[in-house]
Amino acid sequence: MTQPIRIAVLISGSGSNLQAIINHQKLHSELYTIVQVISNKPNAFGLERAQKAGIKHQVIDHTQFSNRETFDAALQNVLDKSMVDLVVLAGFMRILTEGFTRHFLGRMLNIHPSLLPKYTGLNTHQRAIEAGDSEHGLSVHFVTPELDEGPAILQAKVCIEIDDNVESLQNKVHLQEHLAYPLVIQWFAEGRLTFQNGQAWFDQKPLKCPLLLNDF
Ligand code: GRF
């Protein structure tokens with residue numbers, strides 16, 4: 001029997017996605033192990049979640065580094081020492097250097113709260129409401145050097161109702177995120193999801209467009 005893959009989860013805040021992954025991992029411990037949680041913010045609530053779950057966790061505070069390159073080098077060093085197979089960005093609010101993203105190319109995932117390619121960057125819920133969009137959602141994608149532009153793997157949509165505000169929309173998206181992210185990690189651990197020649201592949205086929213959560 002093959003060993004579970006080793007994953008590290010990087011956070012900056014609440015860590016509700018981390019919690020969803022922890023809960024899912026308990027049911028699928030044969031597939032993957034969360035070997036480490038790293039936060040760039042000392043007060044991130046996700047650190048408490050990791051502690052409660054008995055997962056090794058540590059702070060690498062970006063304010064203690066003189067530039068992006070030295071911070072990323074320290075982060076890479078820790079991840080390499082832990083021999084991680086997959087790096088999972090879960091609300092990790094740092095732009096990563098090209099060198100770092102290339103080092104983990106094909107083995108780093110991100111979750112972004114919009115239907116990419118719409119609304120890369122911040123304030124996605126507000127921007128979707130202001131644009132008068134009827135639907136919004138999330139994307140899980142492989143990380144490439146371009147911000148929020150790596151190949152999308154899975155998306156989930158939510159409807160923007162007339163009485164939605166940023167908070168209510170964020171809550172709806174979060175609920176879907178908690179289903180989507182563990183599923184994508186599971187696929188990666190099962191070997192169903194790979195990254196080849198700059199594309200996401202699922203079940204031996206390149207994904208021409210992202211999968212939809214509602215189909216699973
Ligand atoms: C999520 O909405 C995710 O899409 C974005 O940051 C948020 C993190 O939330 N990248 P949490 O810390 O997992 O609760």
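As the structure lists them, so they are numbered: ligands from 1, and atoms in each ligand from 1.
- Heavy-atom contacts of P113 reach the following atoms of ligand 1: 4 (O), 5 (C) (cutoff under 4.0 Å).
- Here the shortest heavy-atom pairing between Y32 and H24 reads OH-ND1, 2.6 Å.
- For I111, the heavy-atom gap to ligand 1 drops under 4.0 angstrom.
- The shortest N or O to N or O distance between H174 and ligand 1 is below 3.5 Å.
- Looking only at heavy atoms of the protein, atom 14 (O) of ligand 1 is closest to S16 OG, 2.5 Å.
- Side-chain polar atoms of Y181 and N110 form no donor-acceptor pair below 3.5 angstrom.
- Of the protein's heavy atoms, G15 N, 2.8 Å lies nearest to atom 12 (O) of ligand 1.
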Worked verdict on E98 versus R102 for salt bridge (Lys or Arg N to Asp or Glu O under 4.0 Å): CA-CA 6 Å; E98 180 170 350; R102 290 213 183 284; 2.8 Å; yes

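- Counting protein heavy atoms only, atom 1 (C) of ligand 1 is closest to E177 OE1, 3.1 Å.
- Figure legend: R94 and F71 shown as a cation-pi pair, the cationic atom lying under 6.0 angstrom from the six-membered ring centre and within 45 degrees of its axis.
- Within ligand 1, counting atoms from 1 as listed, the ones closer than 4.0 Å to a heavy atom of G91 are 6 (O), 8 (C), 10 (N).
- With L211 as reference, L207 is the one residue of D215, L213, L207 to meet the side-chain contact (heavy atoms from CB on, under 4.5 Å) rule.
- Donor-acceptor pairing under 3.5 Å is lacking for the side chains of Q36 and H57.
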